[in-house]
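Input: a single structure, listed below in C-alpha cells.
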Amino acid sequence: MKKSITRALPLAVLALAVTAGAVVAQESAGMPQATRLAEQNLRPYWHVFAAYALVILVVGGWAVSIARRLKAIEERLVD
Amino acid sequence: MTDGVSPGADTLGVKDVARGSADNGREIVLEANGLRREYGPVVAVDGVDLTMVEGEFLTVFGPNGAGKSSLLGMLGGGMRPTAGTVRVRGQALSFSEHDWQHRIGMLSHRGFLYGRLTVEENLRFYGTLFGLQDLEERLPARLARVGLAERARFEVRQLSHGMRQRLSLARALLHDPDVVLLDEPYTGLDPSAAGVLRSVLGELRDGRRTVVMVTHNLREGLAMATRLAVQVSGRFAWEGPNDGLGREDFERHYHDVVEGRV
Amino acid sequence: MNTYLRQVWVIVWKDLVLEMRSRERIASMGAFAVLAGVLFNFSIDTTSTRPQDVAAGLIWMTLIFGGLLGVGRTFHLEAQDGALQGVLMSPTPKDALFLAKTAANFVLLYVVSLLVLGVFGLFFGLDLGPNLGWVVLVLGVGALGFVALVTLFAAVSTGTNMGETLLPVLVFPLLVPMVIYGVGTTTRLINGRPFDEVEGNVRMLGAFALAAVAAGAVLFRYVVED
Amino acid sequence: MSTAGMRRGGTALTLLGLLGLITLYWMAFFWVPTEVNQGVVQRIFYIHVPAAWTSFLAIGFAALASGMYLWLRDERLDRAALCAIEGGLVFATLVLTTGPLWGKIAWGTYWTWEPRLTLTLLLWFIFIGYFMVRNATEDPEKGKRFAAVVAIVGAIDIPFIHLSVVWFRSLHPEPVVARPDGPTLPGDMLLTLLFGVLVFTVLFFGLFLFRYAVEGLRAEADLRARSAA
C-alpha cells in the first residue's frame, strides 16, 4: 500500500508539471482563452501554479510521512 | 510461622480469608476485582484482587514504584482503573455519582489542608463538602480527640508537621467513613503525633472499620495490621494474615519476597 | 439551601478567604494593571492618536494578560498540600467545583477589571459620562467568559509538564470573540455612542460567556479525574 | 473494520482521490472558463475553498470522536480524533498558504485580517494546541483526555470566532455558494468547485483511514512490546 502511494506521488507531480507546461504553451500560443488574459499582468500564473503545486506537496508530504511511519511500525512488528 | 513463612502462605488467597470471615457474620466492605492501572507503557498496578470485611486492617508493604499509591488511589475512587472494579459495600465506585464518597476517608502524607485557613475552617470546609449537618457538635469533639482543641483558631501554616498530620487525620475521619485509606501516614511524624495516630487507628480497627495502609515502615505497619501484603511490580507478591510474626523475621521474609526468592 | 449550592458556596468562600488573607493574586494582578497603564501611556503618541480610540483595546489586553497571571494560578493554590485531591475525593460534583472556582475567579477578576477601568480612565482622561454603567456591565460579561475558559484550561495546563507556558497557547485563539466584541463595544461606549448600537454585540458576548461556562461545567470532570 | 480493511479502504479512497485530483486539475486549468473580474488567479479558489471545507470537516469530526472518547473511553475513538486533527492541520496549512497567494493578486497584500482567513489561522492554532497538550503529559491517557477537551472546546468556539471576525472586518469575496437566494457562481465554475470539495473530502478520508490504520498498528506494536517486557 505504501508503495502505491509513493509510486503515485511522482506520477502526480509529473502530471502537474505537464499540466503547467501545457497551460503555458496554450496561453502563449494565443488560444482564445488567453486573449483576455493577455491584457492582464502575467504574474498571477506564478501564484496559481505555486498554489496548485502546494496542494501536491503538502498532501503528498502527509501521505509520505504516513507511509514512513507505517514502514517503521511494520519493522517493529516483524522483530 | 516463626522462622519465615510457611510455603502455603502465598497460596492462601485473600478471598478464602474473606469468605471465612463473612461466614462469621462480618459484612464485606471493600472489594476490588482485577484492578489494573497503566500509565502509557508503564503498568503500575497489575491485576490486584482484594476483599475486605469489617474490622480488617491490611498493610501493604512494597518498594518504591511498586504501585502502592496507585492501588490506594483506585481504592479511594480518585483514580480511574484501566481495568477492574472497586466496590464499597456492594456499590461500584463510579465517576458520575457522588454518593459513595461518604464511605471513604483518605489520609496521605500530604495533608489536603489549606495553610491560610484556620484549623477549624479547614474542617468546616470539608464537613460542608461532605454535607454534614451536625458540624457544631462534631468539630470540637474531633479537635479534642486529636489534641488540637486549643489550636482551633490557628492558621494551619502556623502548626508543626505533627499537628498538621493530626488535623489531617481528623479531616480524613470527619465524616466517619467505613473505609479508611492511609498512604505513608507515618512519614515525618514526631513521636506524640505517631502516638495519636496509633491510638486512633487502633480504635478504627476495633470499631469495625476497614483500613488499608501502604507504607515502607515495617514496625508501624506490623503493629496494627490484621493482614499483610507485599506489593512488587504492581502485583501482590505475597499476602497472608498477620499472625504475630516478629519484625526481624518479617523483614527477612519481606526482602526475600521483594527480591523474588520466595 | 440544598447540598449542591452549599458545596459551591463553601468553595467560593474558601477561595475568597484565602485570597483575602494572602492577597497573592489580587496584588500581582492589581500591580500589573497599574504598571501596564503607565507603560501604555508612554507607548502611545497622544498627538496622533486619540486616547479614547485606543483605551478600550488596552483595557481589555491588560485584563487578558493580568487575568492569565492570576486566574491561571487558580489550581496551584489547591495543589500546594494536595488539597485539590481532598476536594475531588469528597462528594462534590465536579461541575459544582468548576462553577465555584469560576465564580471565585470571576469576583477576583471583576474587582481587578474595575480597578483597570478606573486607572486607565484616570491615566487617559476618559470621560464615560452616562455610559459608565454599560461599560461596567460589558466588562463583567466579558470577564465571565474569560474566567470560565481560563479556569478550564488552567486545570489542563496545570496537569501537564509544561505548566503555565501552555495556557496562552491554548486560550488565546479561543478568546478572540471576547476580544473583538469586548473591545468593539467598549470603544463605542467610550466614544459616547448609545448602548442600543452595541446591544447585539453585548448579547454575543453574553452567549460566548454562557457557552464557555456550560462547556467548562461539562468537560471539567474529564480534566481533573486522575 | 479490521486494520487490513482500513488499509484497503484507505488505499482505495486515496487512489480515487488522486484520480479525482488529476481530474480537478484538468478542469481547473483547461475546462473552466476564466472569471471575468479576477482573472486567472481566481483559479486558486478551486483548491482553496475545498481545503478550507476539509479542515473544518476535520475539527468537527475530531470533536465528535473526542466527545465519544470521553464518554466511552474507547482508544479507537481517540485515535480517530488524533488522525482527523492531523489531517485538519495539513489542510488548514494549505488554506493558509494558498490564501495569501491569492490575496497578493486580488487584494495586493499577502495577509489581511479577512474573516475566513483569520478563522482558519485560529483553527490552525487550535490544532497545534491539540498536539502540544497531547504530548505534554507524563501519563498518555491524561494527554488524550486533555486533547479531547481542546478539540471539543475548539469546535464549540468556532461559530463564535466566525461571527466575531466577520463582524470585525469583511474584505473577503461574498459567499458565492451558500447563499439564501441560490448560488451566484456560473454553472461551470460552481461544478468545478463542488467537484473540488468532493475530491478533497475523498482524499481526506482516504488518507485519514490510512493514517488510522497506522495508529492501530502502533497500538498493536505497543501492546506486543509490553507483553514481551
Side-chain angles (χ1 to χ4, degrees), chain C residues 57 98 142 145 148-185 187 198 200-201 203-226, chain D residues 59 63 66-73 77-78 81 92 113 115 117-170:
Chain C
F98 174 78
L149 265 182
V150 175
T151 304
L152 179 66
F153 283 102
V156 169
S157 62
T158 308
T160 67
N161 43 27
M162 288 175 74
E164 278 148 290
T165 49
L166 193 56
L167 188 54
V169 181
L170 295 178
V171 293
F172 279 175
L174 304 173
L175 285 176
V176 165
M178 189 203 85
V179 175
I180 290 178
Y181 289 124
V183 173
T185 312
T187 303
V198 295
N201 297 326
R203 287 225 178 100
M204 284 306 299
L205 204 56
F208 176 76
L210 283 182
V213 171
V218 173
L219 293 173
F220 187 68
R221 73 196 62 179
Y222 303 112
V223 176
V224 291
E225 85 177 32
D226 208 355
Chain D
I59 182 85
S66 294
M68 285 175 55
Y69 169 70
L70 289 179
W71 181 31
L72 301 169
R73 296 307 163 99
L77 289 165
D78 168 68
W113 291 101
L117 212 50
T118 311
L119 178 60
T120 313
L121 179 68
L122 295 170
L123 180 64
W124 193 84
F125 276 113
I126 293 170
F127 288 144
I128 293 290
Y130 181 94
F131 286 110
M132 285 179 82
V133 162
R134 206 184 162 89
N135 296 323
T137 57
E138 258 136 50
D139 176 6
E141 194 265 340
K142 203 179 203 179
K144 290 172 188 175
R145 273 187 279 121
F146 287 0
V149 168
V150 171
I152 294 168
V153 177
I156 294 173
D157 208 17
I158 277 174
F160 287 100
I161 301 180
H162 178 70
L163 289 172
S164 67
V165 291
V166 166
W167 181 77
F168 183 65
R169 186 186 293 166
S170 192

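Every chain is numbered from 1 and lettered A, B, ... according to where its sequence line falls, protein lines coming before strand lines.
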- prompt: Heavy-atom distance under 4.5 Å to chain D: side chain of F220(C), backbone, both or neither?
  reply: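 It is neither, since no heavy atom gets under 4.5 Å.
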task: Below 4.5 Å from any heavy atom of chain D, which atoms of L170(C) appear? Answer side chain, backbone, both or neither.
output: side chain
Carboxylate-amine/guanidinium contact R145(D) E141(D), below 4.0 Å: yes
Could you tell me which non-hydrogen atom of [X] sits nearest to which non-hydrogen atom of [Y], and how far apart they are?
X	Y	answer
Y222(C)	R73(D)	CD2-NH2, 3.2 Å
V176(C)	S164(D)	CG1-OG, 4.2 Å
D157(D)	L175(C)	OD2-N, 4.4 Å

message: I'd like to verify something: which residue of A155(C), A215(C), A211(C), A207(C) has the highest number of heavy-atom pairs under 4.5 Å with chain D?
response: A207(C)
message: If we define contacts as heavy-atom pairs under 4.5 Å, which of L166(C), V183(C), V179(C) has the most with chain D?
response: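 That would be L166(C).
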- prompt: Do any of residues 146-156 of chain D have a heavy atom less than 4.5 Å from a heavy atom of chain C, and if so, which, in residue order?
  reply: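 F146(D), V149(D), V150(D), I152(D), V153(D), G154(D), I156(D) fall under the 4.5 Å cut-off.
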message: Under 4.5 Å from any heavy atom of chain C, what part of I128(D) do you find: side chain, backbone, both or neither?
response: neither
- prompt: Which bit of R134(D) comes within less than 4.5 Å of chain C, counting heavy atoms only: side chain, backbone, both or neither?
  reply: neither
message: Ring-plane angle category for F208(C) and F160(D), please: parallel below 30°, perpendicular beyond 60°, tilted otherwise.
response: perpendicular
- request: Considering only heavy atoms and a distance below 4.5 Å, find which of T137(D), L122(D), I161(D), L70(D) pairs most often with chain C.
  value: L70(D)
- prompt: Is there a side-chain contact between F98(C) and V223(C) (heavy atoms, below 4.5 Å)?
  reply: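 When only atoms from C-beta onward are counted, V223(C) and F98(C) do not touch, as no gap falls below 4.5 Å.
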Enclosure of F131(D) CZ (heavy-atom neighbours >12, cutoff 6.0 Å):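 For F131(D), atom CZ is crowded (more than 12 foreign heavy atoms under 6.0 Å).
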query: Would you say M68(D) has more than 12 foreign heavy atoms packed within less than 6.0 Å of its CE?
result: no
query: According to the ring-ring contact (aromatic ring centres under 6.0 Å, His included) rule, which pairs have a member within residues 155-181 of chain C, sequence neighbours left out?
result: F65(C)-F172(C), Y181(C)-W167(D)
